[in-house]
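For reference, the structure discussed in these notes is given below.
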Amino acid sequence: MEPRARAFDVWARFGQPHAPQVVANLTSANEMPILEVVTSSVVLASLPAGVMLLGSLLTVMQSQPPPKAFAHALQHFAGGIMFCAIAVELVPPLVAAQGPKNMVGMIVGFCLGVMVMLGMSVFL
């Protein structure tokens with residue numbers, strides 16, 4: 001099984017019934033006209049961009065900045081989303097790769113990432 005298909009298989013186990021359709025769309029993406037691909041990408045990217053713009057404007061228009069606890073909570077929420085994205089996109093192909101070198105590479109990369117993250121919180 002292809003690593004990308006395996007990742008969507010993981011999605012299907014977590015209650016995403018449309019995962020096979022997503023895989024089918026990915027495999028037929030080469031046949032789509034380029035203008036349709038660009039248009040759908042812009043439409044999909046405009047939703048988070050619009051929400052970020054709206055949130056920024058609301059924050060700038062407030063008379064006083066939000067409490068630090070609120071800012072820290074949002075930063076932790078964003079970090080959790082990043083961990084989720086990494087787990088869905090990067091870990092399944094690494095787990096699918098067999099052999100001790102791949103496992104050592106995954107463990108070393110994870111440990112280096114944690115050390116850099118903790119180092120940034122200490123030194124910055």
Side-chain angles (χ1 to χ4, degrees):
M1 181 180 285
E2 178 181 333
R4 177 162 270 183
R6 181 179 287 234
F8 286 114
D9 185 37
V10 170
W11 277 10
R13 280 188 243 151
F14 288 114
Q16 299 279 345
H18 62 280
Q21 180 63 34
V22 173
V23 173
N25 288 343
L26 284 175
T27 56
S28 65
N30 294 335
E31 302 167 5
M32 292 174 61
I34 189 70
L35 185 60
E36 186 178 339
V37 172
V38 170
T39 304
S40 63
S41 298
V42 168
V43 168
L44 288 174
S46 65
L47 180 64
V51 170
M52 285 190 303
L53 179 65
L54 180 66
S56 299
L57 289 175
L58 288 175
T59 303
V60 168
M61 292 189 311
Q62 286 184 347
S63 59
Q64 57 185 355
K68 286 199 179 265
F70 183 70
H72 290 293
L74 284 179
Q75 289 173 347
H76 282 88
F77 178 68
I81 291 174
M82 287 303 298
F83 276 124
C84 180
I86 289 168
V88 169
E89 286 294 323
L90 298 180
V91 173
L94 290 174
V95 171
Q98 300 293 323
K101 289 182 181 178
N102 293 325
M103 188 60 69
V104 169
M106 186 170 65
I107 292 170
V108 168
F110 180 79
C111 291
L112 286 174
V114 169
M115 287 192 300
V116 167
M117 183 177 63
L118 293 175
M120 286 176 65
S121 68
V122 169
F123 296 114
L124 292 181

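Just so it is clear, the model here is predicted, and its values are computed rather than measured. Along the sequence shown, residues are numbered consecutively beginning with 1.
Other cluster members for F123: V122, joined by side-chain heavy-atom distances under 4.5 Å among Ile, Leu, Val, Met, Phe, Trp and Tyr. Taking Ile, Leu, Val, Met, Phe, Trp and Tyr as members and joining any whose side-chain heavy atoms lie under 4.5 Å apart, directly or through other members, L35 forms no hydrophobic cluster with any other residue. Hydrophobic cluster of V104: the remaining members, joined at side-chain heavy-atom separations below 4.5 Å, are V108, L112, M115, listed by chain and number.
L44 is linked by a side-chain contact (heavy atoms from CB on, under 4.5 Å) to nothing, counting only residues two or more places apart in sequence or in another chain. Partners of V114 by side-chain contact (heavy atoms from CB on, under 4.5 Å), not counting sequence neighbours, listed by chain and number: F110, L118.
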Please tabulate, one pair per line, all N/O donor-acceptor pairs under 3.5 Å involving side-chain atoms of residues 63-82, not counting sequence neighbours.
| residue | atom | partner | partner atom | Å |
| --- | --- | --- | --- | --- |
| H76 | ND1 | H72 | O | 2.7 |

